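Here the structure comes first, spelled out in structure tokens, and everything after it is commentary.
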Amino acid sequence: MNVTTLPRSATEPQTTCETEVSRWLKPAPRGAGFILRRASARPWSLYIPPSCRAANTARGWPFQASLRRASARPSAAANFCNSMLAVALAMLWAVPAQAQGPIRAGAFAADITPQAHMWPISRVGNFEPSPATGAHDPLSARALVLEAGRTKLAIVIIDSVGVSAPILDEAKRLASAATGIPVERILMAATHTHSAPAAGNDVYRPFLIARIADAVKQAASRLQPAEIGWGSAQVPEHLFNRRWLMKEGSIPPNPFGERGEKARMNPPRGSPDLIGPAGPTDPEVSIVSVRSAAGRPLALLANYSLHYVGYIPAGQVSADYFGEFARQIRDRVAPGEAGSDFVGILSNGTSGDVNNTNWKVQDKELPPFVKVRQVAARVADAVFASYQTIKHQSKADLAMAEKELTLRLRKPTEAQLKFARAALEPKDGKALPARDRFYVNSAIRMAEGPDTIAVKLQALRVGNFGLVAIPFEVFTEIGLEIKKRSPIKPVFTIELANGANGYLPTPEQHALGGYETWLGTNRVEIEASRKITETLLDLLRAVSPRQ
């Protein structure tokens, strides 16, 4: 937000703070006390009376130097002015960047595969880390930068099981410093491959941050006149809800010794105790295609709600089917020389309760990576068929909004905490199994830890399509609800974006129990999915085209 201070008009009446608040959010002619200029919209005029200026105690606003601090003991009237000012300016700050104009775009894939001196390195994605001594296939951070008018934004998809907010915030800071793209206009998300190093590894973390930032820098340096289009495809056959309703008494106790759960993750295949899946799947593959003004393919961003595939060779890191899709879609969309700079990207949708296993039948075990290629090929085929029908356009408007939402963190019950402490006491010299050790330690940490967490939510729109970003492993029914209720259509969700905070079940799924709802796997309040959904719908309304 650029801020210009103008002299107060000689004819501007001396009015009270309460009266002025009603005018703060309306476009007005120049001459008011402040002009707040958004990146791509008409100026907003704002006159702040002296009483309100004196009442301002907030820090961090862009124009704080223009406002006098409050006295140590502000009056009740000043407190009211300060509160109303904070509300009005917060609303102004939340108004998204929005611009119409010719599209420019650039894309780049940065190699984030561990370097030679980093091996061996632990792979994450299981309760016990397993060391990797090499790479089966490269890991990448794939960046797409879009610009229209004075609005510029970036989307980065990273081959990792999940990347914490502090790491991504540092990568955004570096990327913003290098490109001028505001940090609140950068979306970064993990693919959720279960065969990557821990992003927080002491040796790997600085390298990863630098490479992610460089992906944005390189993509921004390649900005050129472009065309953009969008579409979708259907690939239902590789999606199975992994949470199954089971016959009473067939589900073992959870890690805290509690019985009575109704849903089980990854149940025994072909078991006679299976009743039916506990939730839906979303077969839609959303597609965003970007090409140069001359029609040369530059990038393609797809979104599919499949957790991961797995069956990666032991001791090796891999981008899983996300990386394989990127290679295969390049071979289809931009084969040969034309594909040298093309960047294929597959983001993860709402797949917190979906995987690639049909739990009704016993399938034959396949050699490592075969299933990865099969799934990636099927998705790439469907995307390419849709791509050939996409109509690209050279002009579109961009809009993006971001908001932090504070959620309560869950705490263990007295019974769970007692169970956890007892479980950590030595018993017959035998170590606690890795799964149970994770949960009992999580319970103790959460009991002693903070009460709330602030999570970052984003919504953006390019032309007539939108997307939202959530920093959790999101249950599919949440994504389907957002698609159904969104004021922008088409729309899709990118999960594990701008952080990694565990699973996000709905309250109804919490009532069924199961791995994704256990304390430690799930960290936030049971109503979190509803609060997040409503906040995202508000953000989508904020970035919707102006009437």
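Every heavy atom of this structure was used, including side-chain atoms; hydrogens, water molecules and symmetry mates were not. Since this is a predicted model, take the numbers as computed values, not measurements.
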Test salt bridge (Lys or Arg N to Asp or Glu O under 4.0 Å) on R211 and D214 and set out the steps.
CA-CA 5 Å; R211 287 295 173 90; D214 191 57; 5.7 Å; no
Evaluate the criterion salt bridge (Lys or Arg N to Asp or Glu O under 4.0 Å) for residue pair E227 and R296; output intermediate values, then yes/no.
CA-CA 10 Å; E227 299 176 333; R296 181 171 60 86; over 6 Å; no
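Nearest heavy-atom pair, L407 versus V455, reported as atom, atom and distance to 0.1 Å: CD1-CG2, 4.0 Å. Contact between L306 and F322 at its shortest, heavy atoms only, is O-CZ, 4.0 Å. The nearest pair of heavy atoms linking S221 to Q218 is OG-O, 2.7 Å.
Within the 4.5 Å cutoff, the side chain of E402 has no heavy atoms near those of the V183 side chain. Between H192 and E473, some side-chain heavy-atom pair lies under the 4.5 Å cut-off. Between L460 and V543 there is no side-chain heavy-atom pair separated by less than 4.5 Å. Counting heavy atoms from C-beta on, the side chains of V216 and I181 come closer than 4.5 Å. I532 is listed as a side-chain neighbour of L457, based on a closest heavy-atom distance under 4.5 Å. At least one side-chain heavy atom of L346 sits less than 4.5 Å from a side-chain heavy atom of Y304. E324 places none of its side-chain heavy atoms less than 4.5 Å from the side chain of D137. Counting only heavy atoms from C-beta outward, the side chains of I494 and V468 never approach each other to under 4.5 Å.
Note: Y503 and F475 have perpendicular aromatic rings, judged against thresholds of 30 and 60 degrees for the angle between ring planes.
Of the options K483, R485, K484, a salt bridge (charged side-chain N to carboxylate O under 4.0 Å, His left out) to E481 is made by R485 and by none of the others.
Judged purely by distance below 3.5 Å, without hydrogens or angles, the side chains of E477 and Q509 pair a donor atom with an acceptor atom. No side-chain donor from either of K489 and N464 sits under 3.5 Å from a side-chain acceptor of the other. Side-chain atoms of R378 and Q374 form no donor-acceptor pair, as typed in the model, at a separation below 3.5 Å.
Checked against salt bridge (charged side-chain N to carboxylate O under 4.0 Å, His left out), R408 has the following partners two or more places apart in sequence or in another chain: E525. Among residues two or more places apart in sequence or in another chain, the side-chain contact (heavy atoms from CB on, under 4.5 Å) test is passed with A226 by I103, A105, V290, L298.
Using modelled atom types, no side-chain atom of H238 and backbone atom of N356 make a donor-acceptor pair closer than 3.5 Å. No donor-acceptor pair under 3.5 Å is formed between the side chain of N501 and the backbone N or O of F472. Formation of a donor-acceptor pair under 3.5 Å by the D111 side chain with backbone atoms of S140 is not found in this model. With hydrogens and angles ignored, the 3.5 Å screen pairs a side-chain donor or acceptor of Q393 with a backbone N or O of K395.
Between E170 and R205 no salt bridge is recorded (no basic side-chain N to carboxylate O distance below 4.0 Å). Ion pairing of D381 with R332 is present here, as a side-chain N (NZ or NE/NH1/NH2) and a carboxylate O approach within less than 4.0 Å.
With a 6.0 Å radius and a threshold of 12 heavy atoms from other residues, nucleotides or ligands, K217 has its NZ atom at or below the threshold. Within a 6.0 Å radius of CD in Q388, other residues, nucleotides and ligands contribute more than 12 heavy atoms.
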